[in-house]
Amino acid sequence: MREGSDAVSNAISEGPKPRVRIAPSPTGDPHVGTAYIALFNYVFARKTGGTFVLRIEDTDQERYTAGSEAAIFEALHWLGLQWDEGPDVGGPRGPYRQSERLPLYREQVAVLLAKGEAYRCFCTRDRLDEVRKQQLADKSPVLGYDGHCRAVDPADAVRRAEAGEAHVVRLRVPREGVTSFVDHLRSEPIVFENRLVDDQVLLKSDGFPTYHLANVVDDHFMGITHVIRGEEWITSTPKHVLLYRAFGWEAPAFYHLGLLRNADKSKLSKRKNPVSVFHYRDLGYLPETMLNFMANLGFSLGAEVERFTVAQMIEHFDWSKVSVGGPVFDPAKLESFNADDIRAMSVDQLYERLQERVLAPARIKAMLAQAQERVHRLDDFIPYLSFFFGGSVDYAPVRDKLKPVSGKSGKETAELLDTYAQEIERDNAARSFTAPALEAFSREFCQRHAVKPKELFMLLRLAVTGRTASPSLFDTMAICGKDRCRTRIRDVVVYLRTLA
RNA sequence: GGCCCUGUUGUCUAGCGGUUAGGACGUUGGCCUCUCACGCCGAAAGCCCGGGUUCAAUUCCCGGCAGGGUCACCA
């Protein structure tokens, strides 16, 4: 744990009310890492009587996926991390979606351009690639833009821009000196040499701001006082500090939290761990348990207390109790916490919880519709529906049926299934996980990969249900839900890889 | 590779110069018990390494090493 010179600013003090924010990007499923950062922002805001802002960073046209903004709201709501200002609840510093703030960024870029703190760059991608290749070949310690367009006469640059020549706007980073900032979670100031800092692109050629620009401009105009985010941002913080300086604004206080890790210590990723908040929700982890578990990853209430509520965390929160060594996200411990909490409930409470999601009437009815024509007695429904529940399924009874598709090895079949799971994420329709979309996608997938639908579908059926006979594969998948299917497909991928 | 961050049992952590280094998950032995689970009792397992500073370093300083992050017109 850090201490010393910074002890004073580490303490939570009075003064103007803090304003903090989380700024997720609507790409894919809401990530537990986002929830983790949100928790610390939320707790800090509540502790200090400050304001917790939710801002949507949707400046990347390429990666934007429909529906994921709503998914972020849903995930955060499930956890109970309510924000005070945001796209859905409004607030005095809106709008809270970056795509709705475009004029502001352009205006601010113009200011920088006028001050000479930024410049237009007309370099083509090809030239940029060349420069990079050369730097790599020369083993240059300095990787990045070479400043070619710094020399372009500003008046000339305006003319070219007005003539419609494609360009970006870059920050003019000082070539000399250092940029340093204080990270209030670490004892020493963090220092970067300016010559190693790239002339960051501020405005892309499509007129959208980059993260760096939008982030700084928004944090400033939204009055953000404390930036609490993941450690992955430390290296870009000097760019942000330089930007604040270029604008003549005061920078907020920075707190970089350690990154959640996989068991092998790499940054938590969906290849190695379930990372969707919905995965945990749908498999029946309790939101308060999730929160308590995540809180323990970097925050400690005291020597021998690890089970506590968010309210208790708020009550005792202090930055001196936060550690930053990237913690491994250990699902086994989460599970143990969850089991404890389930045990602590009354049967009535448990019954209530079950009805909220696991036994939600709409969900049960969807299952019954599938089982109706396949079951003879009412009492058979429950065992028949078993594969709609739980995480992994037992493949022992169908082990001999779990084999490579014709013409492929086990390993190749494993990769095929893995690709299938990944491509679902990238397909706009399939990602929604409705039966028709899944079917269309799956048939198209078979065609593209030259696999017989019959074979792939059986493999999927076995993976998802652990049975050779089931209701329509795609209805089954849709009802099981994306995360449950993904878990099971992953199980089979792992198994198939062990085959020749 | 350059730069940056981090470094207490396998994992999450407490510790802030002197402790039998504490707790939790996991592993493991036993008790309880019709079984399982729960519960209870016990065990193994840790201060990354090397130099300093000090009467005394897990703790402070320096250097290594290891892990991670980052080097985009992605965030």
Assigned partner base of U20(B), Watson-Crick or wobble definition, under 3.5 Å = none
Side-chain N,O (Arg195(A)) to OP1/OP2 (C3(B)) below 4.0 Å = no
Using a cut-off of 4.0 Å on non-hydrogen atoms, how would the nucleic acid contact of Thr59(A) be classed: base, sugar-phosphate, or nothing?
-> sugar-phosphate
Please measure how far the C1' atom in U19(B) lies from the corresponding atom in U58(B), and state the result in whole Å.
-> 11 Å
Quick one: Arg261(A) CZ to G67(B) P, roughly how many Å, whole number?
-> 12 Å
Run the numbers on Trp83(A) and Tyr96(A) for ring-ring contact (aromatic ring centres under 6.0 Å, His included), then give the verdict.
-> CA-CA 12 Å; Trp83(A) 49 100; Tyr96(A) 295 91; over 10 Å; no
Check every strand shown and say whether Val191(A) touches a base, only sugar-phosphate, or nothing at a heavy-atom separation below 4.0 Å.
-> sugar-phosphate
Whole-Å distance between G67(B) P and Glu232(A) CD?
-> 21 Å
Using heavy atoms to find the nearest nucleotide of RNA chain B for Cys123(A) and Val305(A) separately, return the residue whose nucleotide is more 5′.
-> Val305(A)
Base, sugar-phosphate, or nothing: which does Gly298(A) touch, judged by heavy atoms less than 4.0 Å apart?
-> sugar-phosphate
Could you work out which one of C12(B), G26(B), U13(B) sits closest to the side chain of Asn296(A)?
-> C12(B)
Check against ring-ring contact (aromatic ring centres under 6.0 Å, His included), Phe329(A) and Tyr280(A) | CA-CA 13 Å; Phe329(A) 188 95; Tyr280(A) 296 94; 5.7 Å; yes
Candidate nucleotides C5(B), A75(B), G23(B), ranked by approach to the side chain of Glu304(A) - the nearest = G23(B)
Would you say the side-chain atoms of Tyr145(A) and Gln200(A) include a donor-acceptor pair closer than 3.5 Å?
-> no
Of all the choices, C5(B), C3(B), C12(B), which nucleotide is nearest to the side chain of Arg186(A) once you look at every atom?
-> C5(B)
Base-pairing assignment for U27(B) (Watson-Crick or G-U wobble, both under 3.5 Å) = A43(B)
Please state how far atom CG in Asn262(A) lies from atom P in G68(B), giving the value in whole angstrom units.
-> 11 Å
If the C1' atom of A37(B) is compared with that of A45(B), how far apart are they to the nearest Å?
-> 26 Å
Value for CD1 (Ile56(A)) from OG (Ser68(A)), rounded to nearest 0.5 Å, stands at 8.0 Å
Pairwise P distance for A75(B) and U70(B), with rounding to whole Å = 14 Å
For Lys239(A) and C71(B), is the shortest distance between a side-chain N/O and OP1 or OP2 below 4.0 Å?
-> no
Distance under 6.0 Å and angle within 45° of ring axis: Arg307(A) vs Phe337(A) = yes
Does any nucleotide pair with A57(B) by Watson-Crick or G-U wobble geometry, both distances under 3.5 Å, and what is it?
-> none
When rounded to whole Å, the NZ to C1' distance for the pair Lys321(A) and C12(B) reads 18 Å
Just compare C12(B), A75(B), C38(B) and give me whichever is closest to any side-chain atom of Arg343(A).
-> C38(B)
Is the phosphate of G7(B), meaning OP1 or OP2, less than 4.0 Å from a side-chain N or O of Lys265(A)?
-> no
Which nucleotide, in any strand shown, forms a Watson-Crick or G-U wobble pair with A66(B), with both distances under 3.5 Å?
-> U6(B)
Sugar-phosphate, base or nothing in reach of Val201(A), heavy atoms under 4.0 Å | sugar-phosphate
Expressed in whole Å, how much space separates the C1' atoms belonging to G22(B) and C47(B)?
-> 13 Å
To the nearest angstrom, how far is Asp183(A) atom CG from G69(B) atom C1'?
-> 13 Å
Under a 4.5 Å cut-off applied to non-hydrogen side-chain atoms, are Phe44(A) and Phe52(A) in contact?
-> no
Any strand: nucleotide that pairs with A14(B) via Watson-Crick or wobble, under 3.5 Å | none
Euclidean distance, atom CE of residue Met313(A) to atom P of C12(B) [Å, nearest integer] = 17 Å
Could you check how far OH of Tyr211(A) sits from P of C71(B), rounded to whole Å?
-> 12 Å
Tell me what Arg170(A) touches on the nucleic acid: a base, only sugar-phosphate, or nothing, going by heavy atoms under 4.0 Å.
-> sugar-phosphate
Electrostatic pair Glu425(A)-Arg271(A), nearest N-O below 4.0 angstrom = no
Salt bridge or not for Asp84(A) and Arg46(A), using N-O below 4.0 Å?
-> yes
Could you work out the separation of G1(B) and G42(B) based on their P atoms and round it to a whole Å?
-> 49 Å
Polar pair under 3.5 Å, donor/acceptor by atom type, side chain Ser205(A), base C73(B) = yes
Among C38(B), A75(B), C5(B), the one nearest any side-chain atom of Ile234(A) is C5(B)
Shortest side-chain distance from Lys204(A), nucleotide among U13(B), A75(B), U6(B) | A75(B)
Applying salt bridge (Lys or Arg N to Asp or Glu O under 4.0 Å), run through Asp340(A) and Arg343(A) and close with a yes or a no.
-> CA-CA 5 Å; Asp340(A) 263 334; Arg343(A) 243 174 256 127; 2.8 Å; yes
Nearest-nucleotide 5' precedence on RNA chain B, Ser336(A) against Phe299(A) | Phe299(A)
Among G69(B), A75(B), G2(B), the one nearest Leu196(A) by side-chain distance = G2(B)
Could you work out the separation of G26(B) and U11(B) based on their C1' atoms and round it to a whole Å?
-> 8 Å
Considering just the side-chain nitrogens and oxygens of Lys267(A), establish if one lies under 4.0 Å of OP1 or OP2 belonging to G67(B).
-> no
Here the distance between atom P of U13(B) and atom CG of Leu260(A), to the nearest Å, is 10 Å
Remember a base hit wins even if backbone is also touched, and classify Phe208(A) as base, sugar-phosphate or nothing at under 4.0 Å, heavy atoms.
-> nothing
Take atom P in A14(B) and the same atom in G2(B), then report the distance between them in whole Å.
-> 32 Å
Has Thr210(A) got a side-chain N or O lying under 4.0 Å from the OP1 or OP2 atom of A75(B)?
-> no
Residue Phe337(A), side-chain heavy atoms: nucleotide from C73(B), A24(B), C3(B) that is nearest = A24(B)
Pairwise C1' distance for C36(B) and G18(B), with rounding to whole Å | 49 Å
